[in-house]
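To find a chain, count down the sequence lines: A is the first, B the second, and so on, and within it residues start at 1.
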2 protein chains.
Amino acid sequence: MNSLTEENYLKALFNLSGGKGEATVNELSRQLGIKMPTVNSMMKKLAEKKLVLYQSYKPLKLTDKGRKEAAMVIRKHRLTEMFLVEKMGFGWDEVHQIAEQVEHIHAPVFFEKMDLLLGFPKVDPHGSPIPDKNGKMDWVNYRKLSDCNAGEAVILAAVTHSSDEFLKFLNSRDLGLGVKVKIKSVEIFDGSMIVSYGKRNAEALSKMVCENLLVH
Amino acid sequence: MNSLTEENYLKALFNLSGGKGEATVNELSRQLGIKMPTVNSMMKKLAEKKLVLYQSYKPLKLTDKGRKEAAMVIRKHRLTEMFLVEKMGFGWDEVHQIAEQVEHIHAPVFFEKMDLLLGFPKVDPHGSPIPDKNGKMDWVNYRKLSDCNAGEAVILAAVTHSSDEFLKFLNSRDLGLGVKVKIKSVEIFDGSMIVSYGKRNAEALSKMVCENLLVH
DNA sequence: TTATAAAGTTAGAGTATCCTAACATTAAAA
DNA sequence: TTTTAATGTTAGGATACTCTAACTTTATAA
Ligand SMILES: [Mn+2]
Ligand SMILES: [Mn+2]
Ligand SMILES: [Mn+2]
Ligand SMILES: [Mn+2]
């Protein structure tokens with residue numbers, strides 16, 4: 001049984017390695033806000049537990065076991081977010097911090113029940129895929145809105161950053177997943193877009209915003 | 001902000017002192033399954049935080065602040081149990097261990113939402129009162145079934161011990177809160193009772209069982 | 001009222017998680 | 001290819017929480 005701390009290291013490493021399965025001590029350190037020496041010794045500990053492959057001065061890599069246990073934490077996080085939004089009435093901008101805590105609860109039936117009540121959802125409220133019980137998840141190959149061209153009409157499918165501030169910004173512009181957006185023009189010099197959707201006819205979105213929106 | 005560990009000490013002390021507000025180091029030690037020296041130093045720490053009154057060799061006592069923070073943990077525990085039973089479909093024998101973990105989540109809105117969705121319940125699935133946001137709770141003055149007499153008809157209102165085994169035992173006999181029980185006879189030598197309720201006409205309940213059932 | 005038992009406390013130590021400072025290795029730049 | 005910067009590691013220490021062993025105080029029993 002992994003501790004809360006260990007679960008956080010596994011999750012962070014999983015998120016960094018994003019499928020590929022590699023990250024450096026330095027990256028993990030920055031991701032977690034924990035100093036490198038601390039990360040270094042935790043990696044040795046997780047290597048003892050066969051969750052991480054550790055070799056001095058080489059990149060870190062999750063083992064299959066480590067990848068699976070990380071995926072289960074992410075599964076718990078995303079099921080929780082979905083449950084909070086769909087069954088308890090929270091906004092998608094209110095659930096991350098709560099899920100950060102709930103994800104560490106050790107009670108498989110609790111999350112299986114959420115899954116059942118939700119009807120076995122495939123994605124969370126931010127469009128991120130929910131791993132199945134075997135730790136598998138399929139990342140649909142979405143495009144960044146910033147990679148689309150003027151004239152295209154696309155549907156918002158996911159956000160890559162789900163900070164409160166960004167989600168509240170989207171709320172303030174009536175932007176949510178499923179919204180159909182038409183790209184009216186793209187500014188060359190700053191990458192910003194003018195788009196229309198719903199009742200809004202000429203909304204300006206900065207390049208930064210467009211980079212954090214995934215569409216299909 | 002109290003740690004998970006501190007919250008468990010406060011809750012245990014609250015439960016022991018049951019309103020009166022006193023318990024010994026020894027009692028608390030046994031309640032928590034933590035050795036006396038450890039309890040002793042934690043009490044000094046909580047005294048520093050003005051949550052406990054500590055004097056060498058004297059009984060421990062929660063301060064008003066300590067009592068209130070303990071009540072909030074118990075509130076979170078019992079709201080969680082109620083939510084798990086009423087909104088997620090768990091049995092009353094399945095929720096305690098989950099609630100032991102969820103009670104430590106620091107997210108007031110999460111529990112306020114539960115409270116709202118539940119319609120501001122006054123008691124949990126085991127008949128225990130749920131403290132309000134100010135930490136106040138009214139213990140209705142129930143009688144123990146074991147203190148009732150032959151011929152009386154009473155309604156089960158609460159259980160004093162909510163171990164899985166006990167609750168599963170009650171389930172197996174179709175006994176739950178709200179069940180109307182008629183006492184047919186009481187055995188003098190072992191305090192056991194013969195009772196009837198629902199479709200059951202002559203069920204024997206040991207003294208131990210009767211002592212853990214509260215009625216009105 | 002002593003002697004004994006129970007309860008409470010102090011001292012010293014171990015594990016988990018984190019840190020800073022110093023040193024080592026690797027990667028990047030000159 | 002040396003020099004420098006970035007990254008990684010080791011050493012030593014801090015805090016939170018836990019323990020056992022030894023000692024003190026209080027309560028109980030002779
Ligand atoms: Mn999240
Ligand atoms: Mn999410
Ligand atoms: Mn409980
Ligand atoms: Mn309960």
Side-chain angles (χ1 to χ4, degrees), chain A residues 1-17 20-62 66 69-70 73 100-101 103-106, chain B residues 1-17 20-62 66 69-70 73 100-101 103-106:
Chain A
M1 181 103 93
N2 302 315
S3 69
L4 180 152
T5 304
E6 291 168 333
E7 286 189 342
N8 279 335
Y9 278 90
L10 290 172
K11 186 175 61 138
L13 187 47
F14 186 102
N15 282 331
L16 276 176
S17 57
K20 311 224 170 70
E22 287 198 358
T24 66
V25 171
N26 194 334
E27 286 163 347
L28 191 48
S29 168
R30 273 185 283 113
Q31 172 86 8
L32 287 163
I34 289 173
K35 294 290 185 292
M36 280 201 291
T38 307
V39 172
N40 189 281
S41 48
M42 179 58 84
M43 287 306 102
K44 287 178 171 176
K45 186 183 168 194
L46 293 181
E48 283 293 314
K49 295 177 74 171
K50 309 290 186 193
L51 296 166
V52 167
L53 295 173
Y54 174 85
Q55 291 174 279
S56 288
Y57 299 103
K58 296 262 176 73
L60 303 164
K61 219 182 145 183
L62 284 171
E69 297 191 13
V73 178
E100 282 291 311
Q101 297 178 66
E103 72 188 4
H104 300 294
I105 287 177
H106 292 289
Chain B
M1 183 104 94
N2 303 314
S3 69
L4 180 152
T5 305
E6 291 168 333
E7 286 189 341
N8 279 336
Y9 278 89
L10 290 172
K11 186 175 61 137
L13 187 46
F14 186 102
N15 282 331
L16 276 175
S17 56
K20 310 224 171 72
E22 287 196 359
T24 66
V25 171
N26 194 306
E27 287 163 347
L28 191 49
S29 169
R30 272 184 284 114
Q31 174 84 8
L32 287 163
I34 289 172
K35 294 289 186 292
M36 281 202 290
T38 308
V39 172
N40 189 281
S41 49
M42 180 58 83
M43 288 305 101
K44 288 178 172 176
K45 186 182 168 194
L46 293 181
E48 284 292 313
K49 294 178 77 171
K50 307 290 187 192
L51 296 166
V52 166
L53 295 173
Y54 174 85
Q55 292 173 280
S56 288
Y57 299 103
K58 296 263 177 72
L60 304 163
K61 220 183 142 181
L62 285 171
E69 297 191 13
V73 178
E100 282 291 311
Q101 297 178 68
E103 71 187 4
H104 300 294
I105 288 176
H106 293 288

Quiz item: Got a sec: does the NZ of Lys58(B) have more than 12 other heavy atoms crowding it under 6.0 Å?
Solution: no
Exercise. Report the distance from atom OG1 of Thr24(A) to atom CZ of Arg30(A), rounding to the nearest 0.5 Å.
Key: 6.5 Å
Quiz item: Could you state the NZ-C1' distance from Lys58(B) to dT9(C), rounded to the nearest angstrom?
Solution: 15 Å
Quiz item: When the distance from CG of Leu28(A) to P of dT17(C) is rounded to whole Å, what number comes out?
Solution: 14 Å
Quiz item: Any donor and acceptor pair, going by atom type alone, linking the side chain of Ser17(B) with main-chain N or O of Leu13(B) inside 3.5 Å?
Solution: yes
Exercise. Test side chain to side chain contact (heavy atoms under 4.5 Å, CB included) on Tyr9(A) and Ile34(A) and set out the steps.
Key: CA-CA 10 Å; Tyr9(A) 278 90; Ile34(A) 289 173; 3.4 Å; yes
Self-check item: Gln101(A)/Leu4(A) under side chain to side chain contact (heavy atoms under 4.5 Å, CB included): CA gap, chis, key distance, verdict
Solution: CA-CA 9 Å; Gln101(A) 297 178 66; Leu4(A) 180 152; over 6 Å; no
Practice problem: To the nearest Å, give me how far apart CD (Gln55(B)) and C1' (dT25(D)) are. | Solution: 15 Å
Self-check item: Atom-to-atom span, CG of Asn40(A) to P of dA22(C) - whole angstrom
Solution: 19 Å
Self-check item: Gap between atoms OH and P, on Tyr57(B) and dC23(D) respectively (whole Å)
Solution: 14 Å
Quiz prompt | Any Tyr54(B) side-chain nitrogen or oxygen under 4.0 Å from OP1 or OP2 of dT9(C) | solution = yes
Practice problem: Tell me whether the OP1 or OP2 atom of dT10(D) has a side-chain N or O from Lys44(A) closer than 4.0 Å. | Solution: yes
Quiz item: For the pair made of CD in Glu7(A) and P in dT17(C), what is the distance, rounded to whole Å?
Solution: 11 Å
Exercise. Nearest whole angstrom, please: distance from the P of dA6(C) to the CZ of Arg30(B).
Key: 12 Å
Self-check item: Residues Glu69(A) and Asn2(A): side-chain donor-acceptor under 3.5 angstrom
Solution: yes
Practice problem: Give the B/S/- string for nucleotides 15-22 of chain D, one per nucleotide from 5' to 3', where a protein heavy atom under 4.0 Å of the base yields B, of only the sugar-phosphate yields S, and otherwise -. | Solution: -SSBBBB-
Quiz item: Which nucleotide in the set dT9(C), dT9(D), dG8(C) lies at the smallest distance from any side-chain heavy atom of Asn26(B)?
Solution: dG8(C)
